[in-house]
Amino acid sequence: MRTLVAGLGLTLVATLMVTLVWGRSGIVAGIATGTLATVIQVWAVARLRQTLRGTTAEFFAGFGLGMLLRLAGVILVAVAIGLRPLLFPPLPTAVGFLAVLLPLLFAEGRFADDRSGR
């Protein structure tokens, strides 16, 4: 839940940042890619949380799945830029995705090991 709230907040901030720098053309890119990054991280943290107390092999399988999800996100961003460059301008789209994904990635360990049950 904390990952979702943090991701939506970062999506809002990233969209505002992209809009201020590149104008209205970055709104769709910021919202779409920020939401994509948030969904990826929520899914990755949920999977990691399931495997955190398991064996080493289970932990690395969960961690590896999270990395594959992030790679799939990068591929989806590249496909969106390639197919619809007017809707997803390259730089605002990449900034919107990375401005959400990277902070959530760095906080992943804290979110996955949440013992309070929130």
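We use all heavy atoms of the structure for the numbers below, so side chains are in, but hydrogens, waters and symmetry mates are not.
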Thr19 versus Gly26, closest heavy-atom pair with distance: OG1-C, 4.4 Å

Working to the nearest 0.5 angstrom, can you tell me the gap between Thr15 OG1 and Ile31 CD1? 5.0 Å

CD on Glu58 to CD on Gln50, rounded to 0.5 Å: 10.5 Å

Treating Ile, Leu, Val, Met, Phe, Trp and Tyr as nodes and any side-chain heavy-atom pair under 4.5 angstrom as an edge, say whether Leu8 and Val39 lie in one connected cluster. no

Which atom names give the shortest non-hydrogen contact between Gly7 and Leu104, and what distance separates them? CA-CD1, 3.7 Å

Measuring from atom OG1 of Thr93 to atom CG of Leu87, what distance do you get when rounded to the nearest 0.5 angstrom? 8.0 Å

Heavy-atom nearest pair, Gly96 first then Ala14, reads O-CB, 4.2 Å

So CD1 of Ile81 and CG of Leu86: to nearest 0.5 Å the spacing works out to 12.5 Å

Roughly how far apart are Thr3 OG1 and Leu48 CG, rounded to 0.5 Å? 10.0 Å

Considering only heavy atoms from C-beta outward, does the side chain of Leu83 approach that of Phe88 to under 4.5 Å? no

Hey, is the main chain of Gly54 close enough, under 3.5 Å, to the side chain of Thr51 for a donor-acceptor pair? no

Using the side-chain contact (heavy atoms from CB on, under 4.5 Å) rule, pick out the option among Leu101, Leu98, Leu36 that qualifies with Val77. Leu36

Given the rule that I, L, V, M, F, W and Y join up when any side-chain heavy atoms are under 4.5 Å apart, are Val74 and Trp43 in one cluster? yes

What is the ring orientation for Phe63 with Phe60, classed by angle as parallel under 30°, tilted 30 to 60°, or perpendicular over 60°? perpendicular

Shared hydrophobic cluster for Leu71 and Leu69 (ILVMFWY, side-chain gaps under 4.5 Å): no

What pairs of residues pass the side-chain hydrogen bond (donor to acceptor under 3.5 Å, both in side chains) test when at least one of them lies in residues 30-40, not counting sequence neighbours? Thr11-Thr38

Residue pairs meeting side-chain hydrogen bond (donor to acceptor under 3.5 Å, both in side chains), one or both in residues 68-86, sequence neighbours left out, come to Gln41-Arg70, Arg70-Glu108

When you group the ILVMFWY residues by side-chain heavy-atom contacts below 4.5 Å and let the links chain together, are Leu76 and Phe97 in the same group? yes

For the atom pair CG (Leu68) and CZ (Arg47), what is the distance rounded to the nearest 0.5 Å? 11.5 Å

